[in-house]
Amino acid sequence: MLEYNFMRYAFIAGIFIALICAFMGVFVVARQTSFFTHTLSEIGFSGASFGVFAGISPLLGMLLFTCTSGLLIGLSGEKVGRREASISVFSGLFLGLGILFLSLSEKQSNYATSILFGSIVGIDKTNLITLVLLSIVLLIVVALLFRPLAYNSFDAQGAEYNQRFNQLISITFLVLLALTISITAQIVGSLLIFVLLTIPAQAAKYFVHSLNKMISLTFIFVLVGVWLGLYLSFLTDWPVSFFITVIEALLYGSAISKQKITTAHN
C-alpha cells in the first residue's frame, strides 16, 4: 500500500490534519460553535466555487470567503441569538453564491463533488507541501494565543469581566477556525472536516478532563479515523470519507457508553 506515492502523501497529510483538528476541535466543543463550523464548511464550498469562477486558486477563494464571514460574524456580537441569526444569514447567502459561481463556471458537478467531499487519496506533492506549510503557520499562531484562548473558552464566567478582550479573542478564534477549514477542506472536503472538528473532541471529553489530555486524545481519535479509513478504503475501494465518519461515530458511541456506565455505577 505504501509503495504508492499518493498513499504516502495521504498518510502524512493525515498527521497534520489530526494536529489541526485536535487543537481547534477542543475549542470548537468548549465554545459550542459546532453550528458555525458546519456553516464555515458550506462557505468554504462557496469560496472554492468563486475561485474557480474567478480563475484564481480555489484555496484562495476559500480563505477569502471563510475569513471574511468569520470576521463579520465575530463583529456581530457575543449574544447567542444574534450570533446564530448572523450565521444563518451568511450561510444562506454564501451557499447561494457558491451555487451561482459554480453554475457560471465551466466546471460543474464533478468539481462540486470534489469540493464537498474532498479526495485525500488524490493529493499530490504540491498539495501536501501547501497543507504542511499552512498547518505549521496555523499551529504557531494557536500556540502563541493558547493561554488567552483557553481562558476565554473554558472560563466563560471569568472572561465576562473583560468584554473587549472577550470579543477580540472570539473574533480571532473564528478567523483561525476559518483558516482551519480552508486549509483542510481542500484535502478531506468541506463536509468531512466538520466531522473531524467536532466528533473526536466531543468523544474525548468523556474520557479525559484536562485540556492537554483532551487535545492529545482528540489527535489520536482523528489520526486513527483517517489512517484506518485510508487502509479500509484501499482494501475495499469504498470512499474513504465513509470509513472515517463511521469510525468517528463508533468512537463517539463508545464514549457515550462509557459515560453511561460510569454514571450508573455512581
Side-chain angles (χ1 to χ4, degrees), residues 13 16-17 20-21 24-25 27-28 33-76 83-120 122-124 126-139 141-142 170-198 241:
F16 287 90
I17 290 172
I20 296 175
C21 290
M24 294 301 296
F27 292 121
V28 168
T33 53
S34 297
F35 178 44
F36 180 62
T37 304
H38 176 66
T39 300
L40 274 180
S41 66
E42 296 175 344
I43 294 174
F45 157 75
S46 304
S49 300
F50 171 75
V52 174
F53 169 73
I56 61 175
S57 167
L59 174 59
L60 184 59
M62 293 177 75
L63 288 170
L64 177 63
F65 273 46
T66 56
C67 289
T68 300
S69 60
L71 180 62
L72 292 175
I73 291 172
L75 290 172
S76 68
R83 186 177 62 188
E84 290 189 353
S86 300
I87 291 172
S88 298
V89 170
F90 283 106
S91 175
L93 174 62
F94 281 106
L95 190 58
L97 287 173
I99 296 172
L100 173 63
F101 291 135
L102 198 62
S103 67
L104 293 176
S105 66
E106 297 179 355
K107 297 181 180 180
Q108 298 295 327
S109 58
N110 289 339
Y111 194 77
T113 302
S114 175
I115 295 172
L116 289 173
F117 298 103
S119 180
I120 191 171
I123 65 173
D124 55 23
T126 302
N127 297 138
L128 180 61
I129 292 173
T130 302
L131 172 67
V132 171
L133 292 177
L134 291 175
S135 299
I136 291 173
V137 171
L138 179 65
L139 290 171
V141 174
V142 172
S170 295
I171 293 173
T172 303
F173 169 74
L174 293 178
V175 173
L176 288 174
L177 185 57
L179 291 172
T180 300
I181 291 174
S182 298
I183 292 169
T184 54
Q186 60 173 337
I187 304 296
V188 297
S190 297
L191 298 181
L192 184 57
I193 190 58
F194 167 69
V195 172
L196 295 178
L197 276 170
T198 54
S241 299

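Just so you know, these numbers come straight off a predicted model, no measurement behind them.
Here the straight-line distance linking atom SG of C21 with atom CD1 of I193 works out to 3.5 Å at 0.5 Å rounding. To the nearest 0.5 Å, atom CD1 of residue I181 and atom CE of residue M24 are 8.5 Å apart.
Applying the ring pair (Phe, Tyr, Trp, His ring centres under 6.0 Å) rule to F27 yields the partners F146; only residues at least two apart in sequence or on another chain are considered. Not counting sequence neighbours, T180 has no partner by the side-chain hydrogen bond (donor to acceptor under 3.5 Å, both in side chains) test.
Between V137 and L179, the closest side-chain pair of non-hydrogen atoms is not below 4.5 Å. Looking at L177 and L197, their side chains come closer than 4.5 Å, going by heavy atoms from C-beta outward. Taking the side chain as every heavy atom from C-beta outward, F16 and L134 never approach each other to under 4.5 Å. In this structure, F50 and M62 have side chains that are not in contact, with every pair of non-hydrogen atoms separated by 4.5 Å or more.
Between V28 and T198, the closest heavy-atom pair is CG1-CG2, 4.1 Å. Of all heavy-atom pairs spanning C67 and A178, the tightest one is N-CB, 3.7 Å.
Checked options T184, L133, L176; the residue passing with L138 is L176 (criterion: side-chain contact (heavy atoms from CB on, under 4.5 Å)).
Counting only distance, with no hydrogens or angles, the side chain of T66 and the backbone of S182 share no donor-acceptor pair below 3.5 Å.
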